[in-house]
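Here is the structure we will look at, set down as structure tokens.
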Amino acid sequence: MKIETLQPLLAVHPFFAGLDPEHLTIITGCAHNTRFGADQSIFAEGDPANSFYLIRSGRIALDVSIPGRGHHVVQTVEEGDVLGWSWLFPPHEWMFSARAVEPTRAVAMNGTCLREKCEADPALGYELMKRFAAVMVERLHATRIQLLDVYGDKRNQ
Amino acid sequence: MQVFDLSALDRLVQVLGERGYLVIGPVLRDGAIVYDEITSSRDLPIGWTDLQEGGSYRLHKRADQARFGYVVGPHSWKRYLFPPEVRLWQLRRSRDGYLGSRQSSGQTGDNGQLDAISPATQGDLSPPRQAFIGVRSCELHAIHIQDRVFGAGNGARGAARGTPNWHDPVYARRRHDAFLVSVQCTQAGGTCFCTSMGTGPKAESGFDLALTEVIDGKEHYFAVEAGSDRGREVLEEVPHRAATDTEAEAAARAVARSVDQMDSGVRGRTMETAGIKELLYRNQEHPRWDEVAQRCLACANCTMVCPTCFCSNVEDKSDITGEHAERWRRWDSCFHRDFSYLHGGSVRPSTRARYRQWMTHKLASWIDQFGTSGCVGCGRCITWCPVGIDITEEVAAIRASDAQHREGEKSG
Amino acid sequence: MATSATSDSPLREHGVADPMMPRPFRITRKVKETHDTVTFDLVPADGGTIAGFAPGQFNMLYAFGIGEVPISISGDPANPEVLIHTLRAVGAVTRALCDARRGDIVGVRGPFGTAWPAEQARGDDIVLIAGGIGLAPLRPAFYRFLTDRRTYGRISLIYGARTPAELLYRRELEHWRGQFGLDVEVTVDHAAADWYGPVGVVTRLLSRVRFDPIDTTALLCGPEVMMRFAIRDLTRLGVADDHIFLSMERNMKCAIGFCGHCQFGPAFVCKDGPVFSYRDVARLLAVAEI
């Protein structure tokens, strides 16, 4: 484990901005550095969800395979974003597939490890939950705007 | 002040005709007093008056032989300055694009030549010169308001940052030539509220001639005032004499009668206009809009009878060969669903939004756009609304609960 | 000339041609941008010159005998030789116009309306936010900023479209992306796996470009709901209301402030707009069906 070198990386990532240094030290214990090559699969729909990723650079596409239509990208995440929340809730399985669109650097967080720390320290658990809730709300808003299909041409429908 | 008698009134009609004016005045037609061409004072609605209330208009015989014994009818002079439909031009396809001819002469718009190559040869901007007899003070104000709308008056248009302020040639030519004979109101109509809007009942300026009809026992004459050089010229050709003090006083009393009727509430209505722009701007979500939308049929009657409403549609069409195209301008209304059509839908699909647009425009945003209210208090929109919606009541209702709301905030 | 005012026209006295008479222009080039959108190069068929325009202004384009629609000018204001319009086939008139071929005649009235604030924005960082066909009215402003590159701070263009196939000016976007000192970010709402760019709403791109909110002028053009969301994000970041500009769209029939169709509160979009400062229309944007 490279605890001493990963903590500064976590501290500068927007997702953990302003986090209590003590909490940062705790979660650094669950982190490891990772990178993905272009087109590399990160996880697939239905796989066990045991981690999430803080993206440091590059781009990852969340996609879903639709019979007859191929892979349909529902969203991409880039530098400063966080990827994955299925590890938080049962049944701890990925809903979509993730694939690096280009070479991507990330810090992977072990979900099993984090869940244990959160159970042991509810203050940390609450802090983490608030941050994920903010991400979820932002994604939900974005999804709703996408659903509006604002660029669509309703006359041709 | 001058006076002339009934025969001189007829002479006035003749003189205007001799001077090349198409004379337009009040006439009885289809159970209403409307404006149409007249050739003699015998065409006037002699001995008739109108009784008006919300959603109601009835003609009644008067006890006297008054020539102008009514208030206002469903027509306004708007239709003669801003025609309900006008052909703006015709075009013919040619090798180098197309050839055009401007067509803005008549209401029928059917006197242009398609093969005219240069519009400069057409003289098609020469509609008949018109003289209007019987212009009420509120209507004079309405004309001055439309002058601002169509860029023909001295009034500045609302500040535009980018584009020039155009003026409308169809309106401008008609307006420039129009000879206005005002007739003072000596009685208030059931739906009038000009005293609230500061537009009457006495015509103070903006006319060529102003008449006050005086019927006093067996006496029946007109007090006359000239408001322009051409008014004085015309008056010179009509037999008249200086008014006696008694006659001048009788004329003043006749006008004062209509003020008293409105102010005392015997006839007509009132509208509180203080701060009305801000009132309506801050009450765009007032529940009263929902309430009025329950009654409003979005029939557009109010906009058609309004002497200031100016919205129009521009319609392009072509013949079956596709070689000949025309452009027409026709009156339109913000009450029509398609008026605000954009990308497959209406911006204002609900009647609530359309009524709110009309009333807010008329009484509030008009002030931002043209520097005056768009309402002259003539009451036509109240009379001719099939369900009797009353703009003065709507303003009062919004004002009443706006005030309550703010009082509630103060005490709470 | 078919377009000159009559000798006795009141308009003649003011030295302007009849504003309701379209002038014939010939299509000299037609580029298919997407399945329903084309770009035309137009030159006057009467041999005259083209009136200069300011970025943000629009023309009324006339399909002979069918009708007229307001379309923003999307060419370079520094090139007065040709008039460029990008339009999408969405109604009877735009469909007829989009079906026109090279050599055909299109009627043009204009230019009308207000301009993007190129002068006021001097010295500021510039953020252009475009959605869908909304890139077309912003392109002249982008050209203007590039021509005067040193007058402005950082220049960013963020552009969202429905799918990669519906992106306008793709070659030009790629060219701009490669230029030093320009941030060009493009996103789509939906994509297949062969799209390498971002997928997501256009406002997410705001965090990917650099600008100093205190000294930024933002120019927005796209669907009204998209602009409302973008404004919310910009103001949250600290961009001032009077430094946010948007191009509004309403039904237009005359384009000269007479027909009343384009009213947006007290404004006539045809002459007081289409470009408005957000400060001036914030009250109106908040009201549904106004």
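Just so it is clear: chains get the letters A, B, ... in the order the sequence lines come, proteins before strands, and each one is counted from 1. The structure presented is a predicted model; accordingly, all values stated were derived computationally and were not measured.
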### Task
Mind checking the OH-NZ spacing from B/Tyr341 to C/Lys253? Nearest 0.5 Å is all I need.
10.0 Å
#### Entry: Contacting moiety of B/Thr360, where chain C heavy atoms sit under 4.5 Å
neither
### Query
Do C/His261 side-chain atoms and B/Cys334 backbone N/O form a donor-acceptor pair below 3.5 Å?
no
### Message
I need the minimum non-hydrogen distance between B/Gln284 and C/Ile290, along with the two atoms involved.
### Response
OE1-CD1, 3.5 Å
#### Entry: Option that, when pairs with chain C are counted at under 4.5 Å, heavy atom only, ranks first among B/Val314, B/Asp332, B/Asp319, B/Ile367
B/Val314
### Spacing of C/Glu68 atom CD and B/Glu315 atom CD [to the nearest 0.5 Å]
13.0 Å
### Query
Is there a donor-acceptor contact under 3.5 Å from the side chain of B/Arg327 to the main chain of C/Gly67?
no
### Message
Rounded to the nearest 0.5 Å, what separates atom SG in C/Cys254 from atom CG in B/Asp168?
### Response
9.0 Å
### Query
If every non-hydrogen atom of C/Pro266 is compared with every non-hydrogen atom of B/Ser365, which pair is closest and at what distance?
CA-CB, 3.5 Å
### Task
Let me know if C/Tyr62 has heavy atoms under 4.5 Å from chain B in its side chain, its backbone, both or neither.
side chain
### Task
Specify the closest pair of heavy atoms between B/Cys311 and C/Gln263, including all atoms of both residues, with the distance to one decimal.
SG-NE2, 4.2 Å
#### Entry: Exercise: identify the closest heavy-atom pair between C/Glu289 and B/Arg348
O-CG, 3.2 Å
### Least distance between heavy atoms, C/Phe64 atom then B/Arg92 atom
CZ-C, 4.2 Å
## Note on the structure
Turns out that what part of B/Glu323 lies under 4.5 Å from chain C's heavy atoms comes down to backbone
### Query
Taking B/Ala364, B/Gly322, B/Pro349, B/Ser346 one by one, which has the highest count of heavy-atom pairs under 4.5 Å against chain C?
B/Pro349
### Message
Rounded at 0.5 Å granularity, tell me how far CG in C/Asn251 sits from CG in B/Asn313.
### Response
8.0 Å
### Task
Answer with yes or no after comparing the ring centroid distance for B/Phe310 and C/Phe258 against a 6.0 Å cut-off, counting only values under it.
no
### Task
Measure the shortest side-chain to side-chain distance between B/Leu91 and C/Met21 over non-hydrogen atoms and say whether it is less than 4.5 angstrom.
yes
### Task
Give, as side chain, backbone, both or neither, the part of C/Ala288 having an atom under 4.5 angstrom from any heavy atom of chain B.
backbone
